[in-house]
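Take a look at the structure set out below.
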Amino acid sequence: MATPTKSSTDEFIKGLWKDNPVFVQVLGMCPVLAVSNTAMNALAMGLATAFVLVMSNIVVSSLRSFIPKQVRIATYILIIATFVTVVDYVIQAISLDLYKALGAFISLIVVNCLILGRAEAFASKNTVARSVMDGLGMGVGFAFALFCLGAVREILGNGTLFEAALFHDSFQNWVVMILPSGGFFSLAAWLLLFNWLEQRKAKKDEKATLALSEEAAQ
Amino acid sequence: MTEESLWSIFINASLVNNFVLAYFLGICPFLGVSSKLDTATRMGGAVMFVMLVSSVCAFGIQALLVAIHAPYLKLISFIAVIASTVQLVEMFIKKVSPALFRTLGIFLPLITTNCAILGLALFQTNKGYGFVQSIVYALGAGAGFTLALVLMAGLREKLELAEVPDVTKGAAMAVMLAGLLSVTFMGFGGLGG
Amino acid sequence: MSHAELASRPAPPSTWHMYRAMVGVGVFCGLLIVSVYQVTLPVIERNKAEALQEAIFHVLPNASTSTTYRLDEPNGFKVLEGESHGEQLVYAGYDANEELVGLAVEARGMGYQDVIGLIYGYSFAEEAIVGIQVLESKETPGLGDKIETDPAFLQNFERLDVSLADNLSELANPIVPVKHGEKTHPWEVDGITGATISSVAIANILDRSAQYWVPRIRNNLRDFQGGE
């Protein structure tokens, strides 16, 4: 491997925060924003996506020497679509209400660019173990990000979290947060937060290097 | 089995339940190619075209799958058939009308496996639309997508010259704009009744 | 990995390799999907049947068993055997003494945001709708979805008159929506302030469905008396 120093824990961590698929890479939001109106839906959708991500990473990486380059995209899509179908049926079997809430959006996991992206960019070049860690990291990061979105929308829009009331009755719900536009707004807010953190860190680093160079000059 | 009128299907797909602004489908191309008005219009045309093709495909596949009792193959066959049909059509256009290909061509591969396309196919089968209804649904969805894309591009072209704080540059600004557009589109609610 | 790459580079993968990969993955995927489908299908069917059963008993409070009938025009109704293939279905509810209580009928129509699907119970004795339950709706949370929660609105459907006119082919009085607080007749639906379109939609869906079903049910009453 080209990067022997990088442990598999690093692969896991990077997806969680530094390369968080939603907040940092702004990847794979299309099929998920629509169902992030409550924390529960968002979490379920996030976990379903994470499961598909991990499973397809496992299969793709273990078959990586078996699949010729020319047909790789077609086979990856086939594998991903299979696992999405599996998840679709499993969710139907677990809870019909949840399935109704998520609807056709479960099937749409298949076109989530994040999954094909990880299969192509990572799993096709790495060992099974590392691919699992990568899938877990990205998947958990994705689920976490979705949960953040869903939680904000549910708390502000409905005054509840996981259907437990949080506020006094006098709290006026921000209905707009539950509506589609609220999805855009809360995503924008999270993106702003991450941009701001990034900028602050960049400034700090700048100051640190400046101080360092001054020290060296003395 | 639904008895929705064609007009109500069209209005619903294009305005009330706009694919981009209410279902969040096709966000990637929406954010990616909405910086120039001209590109946005052509992209919209390409999307509408692919939607039409895939809507017809999806209708055929669904009928076939029901006939052979294999509902579990729906997702896989949708993806495979839509992707390959669009590719065939692309080759056909290239041969027949190079001018049209230059206008739409570069976008076709980009949008084939776009969520809006697959979403359209899935929604129309879930709603149980007939053949004509499906085509109208696809036209409506495509028109709605184009409208959202063009509006967005207009806004972004203006904003290019505006001074905004550094933090809001890039994706965050685009998402906020989309949110505002989405609020505007809420005003269309109830039109399809 | 670099080793394998070097070895395969001189000779690009043959057509056979591509076929092998595609067919291999295809077989694997097919097996996986079909086995998951087989395992989950009975559970899913049971869940769906339970959910339907619950809805039927909700809209026909006195029923304890139910039988599914399909409309077989012009011969009336037949008990549904096996799977349904897009036929129009009604669910007859019977009480503990196997006496017919009423019928549950599904209806759909356009709401504010999207299609609203609901099920309502029709009682023979009262010639009225005695309960409704919304099965699917994407109405605006906090406003339009009051059609599912607003007690004053739901009170409309404890007894909503759908008796037939003398010619037995249409309702004596069509179900009409009225402004909140202006309900004077048992066939009027008292609307919700702030959810006008959604509540009007419910009234219209019920009206259209009842105009279609009630005469047909009424004229074929004997078909349901057979009990189980």
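Note that these values count all heavy atoms, side chains included, but never hydrogens, waters or copies made by symmetry.
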field: F28(C) vs V59(A), side chain to side chain contact (heavy atoms under 4.5 Å, CB included): CA-CA, chis, key distance, verdict
entry: CA-CA 10 Å; F28(C) 166 76; V59(A) 176; 4.3 Å; yes
message: Apply side chain to side chain contact (heavy atoms under 4.5 Å, CB included) to residues F66(A) and H17(C) and explain how you reach the verdict.
response: CA-CA 8 Å; F66(A) 175 74; H17(C) 276 107; over 6 Å; no
task: Verify side chain to side chain contact (heavy atoms under 4.5 Å, CB included) between F83(A) and L32(C), making sure each step is shown before the conclusion.
output: CA-CA 8 Å; F83(A) 285 113; L32(C) 189 65; 3.6 Å; yes
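How far CD of Q92(A) is from CG of N47(C): 9.0 Å, rounded to the nearest 0.5 Å. Residue C29(C) holds its SG atom at 12.0 Å from CD1 of I77(A), rounded to the nearest 0.5 Å.
Contact between V71(A) and M18(C) at its shortest, heavy atoms only, is CG1-SD, 3.7 Å. Between V43(C) and A93(A), the shortest heavy-atom distance links the atoms CG1-O, 3.6 Å.
For a residue to count as touching a neighbouring chain, one of its non-hydrogen atoms must lie under 4.5 Å from one of that chain's; by this rule T75(A) touches chain C with backbone and side chain alike. Using a 4.5 Å cut-off between heavy atoms, R46(C) does not touch chain A at all.
Heavy atoms of other residues, nucleotides or ligands lying less than 6.0 angstrom from CZ of F122(A) number more than 12. Within a 6.0 Å radius of CD in E198(A), other residues, nucleotides and ligands contribute 12 heavy atoms or fewer.
When each of V25(C), I44(C), V36(C) is checked for heavy-atom pairs under 4.5 Å with chain A, I44(C) comes out on top. Top candidate by heavy-atom pairs under 4.5 Å with chain A, chosen from K48(C), E136(C), E50(C), is K48(C). Between chain C and the options V86(A), T85(A), I67(A), V90(A), the largest number of non-hydrogen pairs under 4.5 Å is found for V86(A).
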